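If you read the sequence from its start, that first residue is 1, and numbering goes on from there. Only a predicted model underlies this, so the values are computations on that prediction, with no experimental measurement involved.
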Amino acid sequence: MADQSMERQNRERQYGKNRYTEEDGREYGRPEERPVSGQRKKLVRYFDYSLLTVILFLCCFGLVMVYSCSSYTAQIKSGDSLFYLKKQGVALLIGIVVMFGISKIDYHQYGRVAVLGYILAVILMVLVNFTPLGIEYNGKKRWFGFGETSLFQAAEPVKVALILSMSSLVNRFSKQIDLWRLQILLVVIQAPLIFLVTDNNLSSGIILLGIVFLMIFVASRKKLRFFIAVALVASFAVLVTVFSDQILELKILKEYQMERILVWKDPTAYALDGGHQVLQGLYAIGSGGLFGKGLGESMQKLGFVPEAQNDMVFSIICEELGLFGAVCVILLFLFMIWRFVVIANNAPDLFGAMLVVGIMSHIALQVILNVAVVTNTIPNTGITLPFISYGGTSVVFLMMEMGAALSVSASIKYER
């Protein structure tokens, strides 16, 4: 007993009376002797496995739906029903490797290349819009490549560059972020990139502008001006809808843009032209019922819905899995957004929080707009459903964003 008392006194002199920690107990092999009061808690690193799980689940579900939607078309065009599935699978594997690689890098390193990323994004869009490196597809130059070989869709890396640059700018000017002059300046800084994308890709331009708006909205403490801005935009949209014929005569918008508005107002009047895809998508949604026809049993994907594996994949989900399946998919995206909110709220610094907010804004906007287009709530804008629609470029760069979000989550520490 005397030896144990002497040993305890020596430890208290070495570590302090109230500083005997879990590590000390392990060192002496007697954790039962650790004092309860005044014990120093251990900091533990956090990693959002819930977010990782939902990401991987959506990607796997996306592969299933890509095969279901594209097998008929792939068999007709290439003689291989797995053609689109193989390409999407390769892109997904690359994306997963990239995601885990980026998640292991300290996210502060991304802030150091934000300016370079913005400059490269502007150069990329200039090359796509004004040089032969921009490859035209369906009348729009959206792809970067050489000759007839397209490498990637230019708008996807631009979204990543914009999120990085906005996160860096908000972090740098955090003390003045409530000033409306600074908020306008941030929009002006991103304007060249947004205009270059909007020139050939209106839907991506809308998403970029929405990301900028939401990031400034979250960072600012003065919210009223943002609600006023939303009201003005909504009023403008109503005016465009009401006076669409007059606007078409004035040629304010491009002809294909006005055509989409007219199709949206009355798709049955353009059933053999621009309204064909919208109507067939609505037929698919209506025929699905509550629980759907069964996975792989869609009729509309058999040549009725053009490019069903791309923008209209949600309509096939509704037809095969019904309202129940569609709601489950939406709930999965809501769960993902909730995990982004948790990570952003607990991020160690403003840059990490804004990085996650930008990623969350991108996902949320793209999901909302895709579902709205498929249900003909808004005019057709050609927006894919994240992780589910076919598109290798989209998957790879989305996984890059997921890796950045996981990197921020890995930097969170909590006491245990």
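Under a cutoff of 6.0 Å and an axis angle of 45°, K159 and F397 do not form a cation-pi pair.
Atom NZ of K223 has more than 12 neighbouring heavy atoms from other residues, nucleotides or ligands inside a 6.0 Å radius. Applying the 6.0 Å contact sphere to NZ of K87 captures no more than 12 heavy atoms from other residues, nucleotides or ligands. For OH of Y49, the number of neighbouring non-hydrogen atoms (other residues, nucleotides, ligands) closer than 6.0 Å is 12 at most. Dense packing is recorded around CZ of R225, with more than 12 heavy atoms of other residues, nucleotides or ligands lying under 6.0 Å away.
Aromatic ring centres of F333 and F335 lie farther apart than the 6.0 Å criterion allows. Ring centroid separation for the pair F213 and F226 comes in under the 6.0 Å cut-off.
A donor-acceptor contact under 3.5 angstrom links the side chains of S165 and Q190, judged on distance only. Q300 and S287 share no side-chain donor-acceptor pair at under 3.5 Å. For the 3.5 Å distance criterion, the side chains of T384 and Q366 qualify, holding a donor opposite an acceptor. Side chains of D311 and Y390: a donor-acceptor N/O pair is absent below 3.5 angstrom, by distance only. Donor-acceptor pairing under 3.5 Å is recorded for the side chains of Q183 and S220. Side-chain N/O atoms of N171 and D349 include no donor and acceptor closer than 3.5 Å.
In this view, V342 and W338, R339, N346 satisfy the side chain to side chain contact (heavy atoms under 4.5 Å, CB included) rule, not counting sequence neighbours.
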Side chain to side chain contact (heavy atoms under 4.5 Å, CB included) assessment of L162 paired with I211: CA-CA 8 Å; L162 181 132; I211 292 171; 3.7 Å; yes
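A salt bridge does not link E319 with K301: none of the charged nitrogens is closer than 4.0 Å to a carboxylate oxygen.
The line from CZ of F47 to CG of L406 is 4.5 Å long, rounded to the nearest 0.5 Å.
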